[in-house]
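Fair warning: this is a prediction, and the values are worked out from it, not measured in the lab. Chain letters run A, B, ... following the sequence lines, proteins first and then strands; every chain starts at 1.
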There are 4 protein chains.
Amino acid sequence: MAESTAPDRTPTRRGPDPRRRSERARTAILDAAAALMGEVGFARMTMEGIAARAGVGKQTIYRWWPSKAAVVLDVFQREAGGDSEPLPDTGDLAADLRTVLRATVDEYNTPETDRISRAFTAEVQHDEDFARAVTEDLLRPHMRAYKERLRSAREAGEISPDADLDVAVELLTGPLHHRWLLRTAPLTHDYVDVLVDLALRALRP
Amino acid sequence: MAESTAPDRTPTRRGPDPRRRSERARTAILDAAAALMGEVGFARMTMEGIAARAGVGKQTIYRWWPSKAAVVLDVFQREAGGDSEPLPDTGDLAADLRTVLRATVDEYNTPETDRISRAFTAEVQHDEDFARAVTEDLLRPHMRAYKERLRSAREAGEISPDADLDVAVELLTGPLHHRWLLRTAPLTHDYVDVLVDLALRALRP
Amino acid sequence: MAESTAPDRTPTRRGPDPRRRSERARTAILDAAAALMGEVGFARMTMEGIAARAGVGKQTIYRWWPSKAAVVLDVFQREAGGDSEPLPDTGDLAADLRTVLRATVDEYNTPETDRISRAFTAEVQHDEDFARAVTEDLLRPHMRAYKERLRSAREAGEISPDADLDVAVELLTGPLHHRWLLRTAPLTHDYVDVLVDLALRALRP
Amino acid sequence: MAESTAPDRTPTRRGPDPRRRSERARTAILDAAAALMGEVGFARMTMEGIAARAGVGKQTIYRWWPSKAAVVLDVFQREAGGDSEPLPDTGDLAADLRTVLRATVDEYNTPETDRISRAFTAEVQHDEDFARAVTEDLLRPHMRAYKERLRSAREAGEISPDADLDVAVELLTGPLHHRWLLRTAPLTHDYVDVLVDLALRALRP
DNA sequence: TGATAACCGAGACGGTACGTCTTGTCTTGTT
DNA sequence: AACAAGACAAGACGTACCGTCTCGGTTATCA
C-alpha cells in the first residue's frame with residue numbers, strides 16, 4: 001500500500017515522484033492522523049481534518065495515500081517499527097503463551113488500543129486493498145511470531161509433530177479475538193489461562 | 001434495538017406512539033433495505049435511497065430507527081424469524097459439528113452472506129448500541145444452539161464433565177471466524193475437519 | 001376569506017359544517033396566533049406552532065382557514081372589531097389630517113405594528129386571495145374613512161369640487177406608505193406636515 | 001450585498017477568496033436564477049433548484065450569497081447594468097413625467113415585472129440586510145433620476161424654489177406605488193395624468 | 001547555474017448524503 | 001361529525017466531506 005511504487009525512473013507517467021516528496025509534509029500528516037485517531041477515533045476523523053491539522057493541502061494526502069485507512073495504516077507501521085517481536089521462549093510453552101496472551105488481553109482492555117483496533121477491523125471489511133495491506137504488514141508478522149514459538153515447541157516435543165502450526169495459532173488467538181470483537185464476555189487473565197490449557201491439550205503429542 | 005420498548009406504561013414517555021405506526025411503511029422500508037443490501041451493500045446504501053425506494057419520507061425512517069444499521073438489523077431479525085435453529089444431534093458430536101460448521105463455511109463463501117456479515121461486523125465496531133443489539137438478537141441465540149449441543153454431548157460423556165461450554169463454543173467458532181474475518185487463509189471443509197478434530201481433542205474427558 | 005361559505009345547509013358536501021364548529025378551538029387558535037405574532041413574528045410562526053400552542057390538532061386549523069395568513073387576518077379582524085373609526089372633523093381639514101397622519105406615523109414607528117404590517121404586506125404579494133381579503137376588510141374601510149373626511153371638506157369648499165377623492169386619498173397616504181415600506185427616509189411628524197401641506201395645495205379649489 | 005467587499009485589505013478576513021471565484025459558476029447561477037424567477041417566481045424557486053439548474057454544488061451558492069434573495073438581487077444588478085437612466089428633459093416637466101410614469105405603469109402591468117417586483121417587495125419586508133441592498137442599489141438610483149429632473153425643473157422655475165425634492169419624488173411615485181402594491185384600483189395612463197397634474201399643482205411656485 | 005517541472009499550501013469546485021424542519025393530508029380514537 | 005393527537009409523503013433546508021481541479025510559490029533535479 002502507500003508507496004509500493006518502485007524508484008520508477010521510466011517516464012511512463014506512473015504517479016508522483018517519490019524522490020521529490022516532502023518529508024515535512026509526510027511527517028506532519030502522520031502526526032496529525034495519529035493525534036486525531038486518539039482524539040476522535042477513526043470514524044469521525046476526516047481527510048479535511050487531517051489536512052487542516054497538518055497544515056497541508058488535501059491533494060498532498062491524496063497524492064501519496066489512496067484513503068484515510070491507508071494513512072492510518074502508515075501511522076501504525078511507523079509506530080510498530082517494522083518487525084514483530086518474537087515471543088519469549090523459556091522452554092515452557094504454556095507459561096510463555098500465558099504471558100503473551102495476558103499482555104494481549106491487557107492491550108485489548110486499553111480504550112485507546114481497543115478503539116483503534118476496532119476501527120481497523122471495520123475498515124478492513126469494506127476495503128479489500130486495505131485488508132490485504134493490514135494482513136500482510138501487521139497481522140501476518142504477528143502470527144508468524146506465534147508460529148515460530150510453536151515450531152520451537154514442536155521441535156522440543158511439547159506438541160504433536162504433525163500439528164498444523166497455522167491452525168494451532170488460530171486455535172489460540174481465534175477464540176480470544178472472537179470474544180473481544182463481539183464483546184460476548186469480558187476478557188480476563190483467567191480466560192487466557194483456560195484457553196491456553198485447552199489449546200495445549202488439543203496440540204499435545 | 002429499534003422498538004424493543006414495551007407497551008410503555010409511563011405516559012410521560014417521549015417519542016412516537018408505536019400503536020399508530022404504519023405497517024405499510026414499516027414493511028416497505030424493510031423490503032427496500034433488504035433489496036439495497038443485496039444490490040449495493042451496506043456501506044453504499046443510504047437513508048435517502050431506502051426512503052426513495054420504499055416510497056416513504058425520510059422522517060418516517062428516522063422516527064422509528066436511529067440509524068441505517070438499526071434498519072438493517074431489523075431486516076435480519078425479520079428474516080431470522082426469531083429463534084435460532086438447534087444443532088442436529090445424531091449422537092456423534094464430531095459428525096454433527098462437521099455438518100454444521102461446513103454449512104457455515106459454505107455460507108461465508110457465498111458473496112451475498114459474506115458481504116452482509118462483513119457490513120455487520122464493521123458496523124458493530126463503531127456503534128455500541130448496535131453491537132449490543134446484534135449480540136443479543138443474532139449472535140447469542142446462535143451460540144446458545146452450539147452450547148446446547150455441547151451440553152448434550154457432555155451429558156453423553158463425549159466431552160469432559162468440567163468443560164466450560166462457553167469457552168468450548170468459542171474454541172470451535174473463534175478460529176473459523178478469525179480466518180474468515182481477516183482472510184488469512186481460505187475457508188474449506190478440510191479446515192473444518194481439522195478444527196473439529198483439534199477442539200474435541202481438547203475437550204474430551 | 002376564512003369562512004366565506006354561506007350557512008350551507010345543502011348536503012352538497014361543500015366543506016365542513018360551521019354550525020358544529022368548536023368555539024373553544026377557534027378562540028384558542030386566534031389567541032395562540034396573536035401571541036406568536038408578537039413573540040416571533042409572522043415569518044417564523046408556523047402552523048405546527050399555532051396548533052401546539054393552542055392545544056389543537058393541525059387539521060382543525062386547516063379545516064377552517066386556508067393559510068397561516070388567513071388565520072392572522074382573522075386575528076386582526078377580531079381586534080379591529082369591524083369598522084374603521086371615522087376621521088375627526090373639526091372643520092379644519094389640514095389640522096385633522098395632520099392629527100391622523102401623525103398618529104399613523106407613530107404606529108408605523110412602533111416595532112410591533114411595524115413588524116405585523118410588513119408581514120401582511122409581504123404576504124399580500126404572493127397570495128392573491130389573501131390580498132383581496134386584506135384589501136376589502138382592512139384597507140378599504142381605512143381609506144373610506146379618509147374619503148369621507150375629504151368629501152366633507154369638498155362640501156365645505158376647502159378642496160376643489162371636481163377633485164377625485166380616491167386619488168386624493170392616495171396622494172396623502174401613498175407617499176407616507178412608500179417611505180415607510182421602502183425605508184427610504186425616517187417617518188416624522190414634520191414629514192407629515194410637509195405632506196399635508198403639499199397635498200392640500202394640490203387639492204384646493 | 002453579496003460581494004460589495006473591497007479588495008479586502010485586512011488579511012484576517014474570514015470567508016472565501018473572491019480572487020479564486022469561478023466566473024463560470026457565478027454566471028451559471030445567475031442565469032439559472034433568472035430563468036427560474038421567470039418560470040416559477042421567487043417564492044417557489046429553491047436553492048436546490050438553482051444549483052441543479054446551474055450544474056453547481058449548493059455549497060458554491062452558499063459560499064458567495066447568504067440567501068436566495070441575495071442571488072436574485074444580483075440577477076437584477078446584472079440586468080440593470082448599474083446606473084439608472086436619467087429622465088428625459090424636453091423642458092416640459094409635465095410631459096416628461098407623464099412619459100416616464102406611463103412607461104412605469106406599463107411595466108407594472110407586465111405579469112413578469114409585476115411578479116418579480118412583488119417578490120422583491122415581499123422579501124424586503126423580512127430581511128433588513130436585503131432591504132438595505134435593494135434600497136441602495138435599485139431604488140435610490142431610480143429615485144435620484146427623478147430628483148435630477150425635478151431639480152432641473154426647479155432651476156427652470158417650473159416648480160417652487162423651496163420645494164423639498166425628495167418629498168416631491170414621493171408625491172409622484174408614492175400614490176402610484178401604493179395603488180399597484182395594494183391593488184386598490186387599476187393602473188392606467190389616465191391615472192398617471194391625473195396624478196402628474198395634481199402633483200405639479202402642489203409643487204408650482 | 002539557471003530553467004523547468006513537480007511538489008507544495010490553500011481552498012474552490014461539482015457532488016452526495018446527512019439529519020432536521022415544515023407543509024398539508026390522512027388515520028385513529030374520543031367526545 | 002368535529003375534535004386532539006400525531007403519523008405520514010414530500011421535499012427544501014443549510015452543513016459536512018468527498019475526491020478533483022486550479023492557483024501561485026517554493027524547491028530540487030538536470031541540461
Using residues 33-54 of chain B as the side-chain source, report each donor-acceptor pair under 3.5 Å to any protein atom, sequence neighbours left out, with the distance given to one decimal.
unit_1: B:E39; atom_1: OE1; unit_2: B:R53; atom_2: NH1; d: 3.1
unit_1: B:E39; atom_1: OE2; unit_2: B:R53; atom_2: NH2; d: 2.7
unit_1: B:T46; atom_1: OG1; unit_2: B:G49; atom_2: N; d: 2.8
unit_1: B:E48; atom_1: OE2; unit_2: B:K58; atom_2: NZ; d: 2.7

Between atom CD1 of A:I116 and atom OG1 of A:T121, what is the distance when rounded to the nearest 0.5 Å? 11.5 Å
For DNA chain F, the residues among residues 32-52 of chain D that have a non-hydrogen atom under 4.0 Å from it: D:T46, D:M47, D:E48
Ring geometry between B:F120 and B:F76 (parallel below 30°, tilted from 30 to 60°, perpendicular above 60°): perpendicular
Considering all heavy atoms, the nearest B:P18-B:P16 contact: CD-O, 3.2 Å
Flag the pair A:Q77 / A:D74 as yes when at least one side-chain heavy-atom distance between them is below 4.5 Å, and no otherwise. yes
Length of the CZ-P vector between C:R26 and F:dC3, whole Å: 12 Å
Examine E:dA6: is either OP1 or OP2 under 4.0 Å from a nitrogen or oxygen in the side chain of A:W64? Give yes or no. no
What's the spacing between B:Q125 CD and A:S117 OG if we round to 0.5 Å? 9.5 Å
Measuring only between side-chain heavy atoms, which start at C-beta, is B:T60 closer than 4.5 Å to B:R63? yes
Between D:V75 and D:L30, the two heavy atoms sitting closest are CG2-O, 3.7 Å
When the axes are fitted on five pairs at both termini, how much does the helix from E:dT1-F:dA31 to E:dT31-F:dA1 curve, in 10° steps? 20°
Under the rule for salt bridge (charged side-chain N to carboxylate O under 4.0 Å, His left out), what residues qualify as partners of B:R20, not counting sequence neighbours? none
Should the side chain of B:K58 and the base of F:dG11 be counted as holding a donor-acceptor pair, with the cut-off at 3.5 Å? no
With distance as the sole criterion, do the side chain of B:Q59 and the base of E:dC21 form a donor-acceptor contact below 3.5 Å? yes
Counting heavy atoms from C-beta on, name the nucleotide in E:dC13, F:dC8, F:dA2 closest to the side chain of C:D17. F:dA2
Just wondering, do B:W65 and B:R26 contact through their side chains at under 4.5 Å, heavy atoms? yes
Grab the OH-P distance between C:Y62 and F:dC8 for me, whole Å please. 18 Å
Is D:R21 close enough to E:dG11 that one of its side-chain N or O atoms is under 4.0 Å from OP1 or OP2 there? no
Over how many whole Å does the gap from A:R63 atom CZ to E:dG11 atom P extend? 17 Å
Name the pairs: protein N/O against N/O of nucleotides 25-31 of chain F, kept only if under 3.5 Å.
unit_1: F:dT27; atom_1: O2; unit_2: A:R20; atom_2: NH2; d: 3.0

Between D:E23 (CD) and E:dG14 (P), how many Å, whole number? 12 Å
D:T60 side chain near E:dG14 phosphate (N/O to OP1/OP2, under 4.0 Å): yes
Between C1' of E:dC26 and CD1 of C:I61, the distance in whole Å: 16 Å
5' priority, DNA chain F, between A:K68 and C:V56 [closest heavy atom]: C:V56
Would you kindly give the CH2-to-P distance between B:W65 and E:dC18, to the nearest whole Å? 15 Å
Which heavy-atom pair separates A:F130 from A:L73 by the least distance, and what is that distance? CE1-CB, 3.6 Å
Could you list all the side chain to side chain donor-acceptor pair (under 3.5 Å) pairs where at least one residue sits in residues 27-38 of chain B, not counting sequence neighbours? B:E23-B:T27, B:D31-B:R78
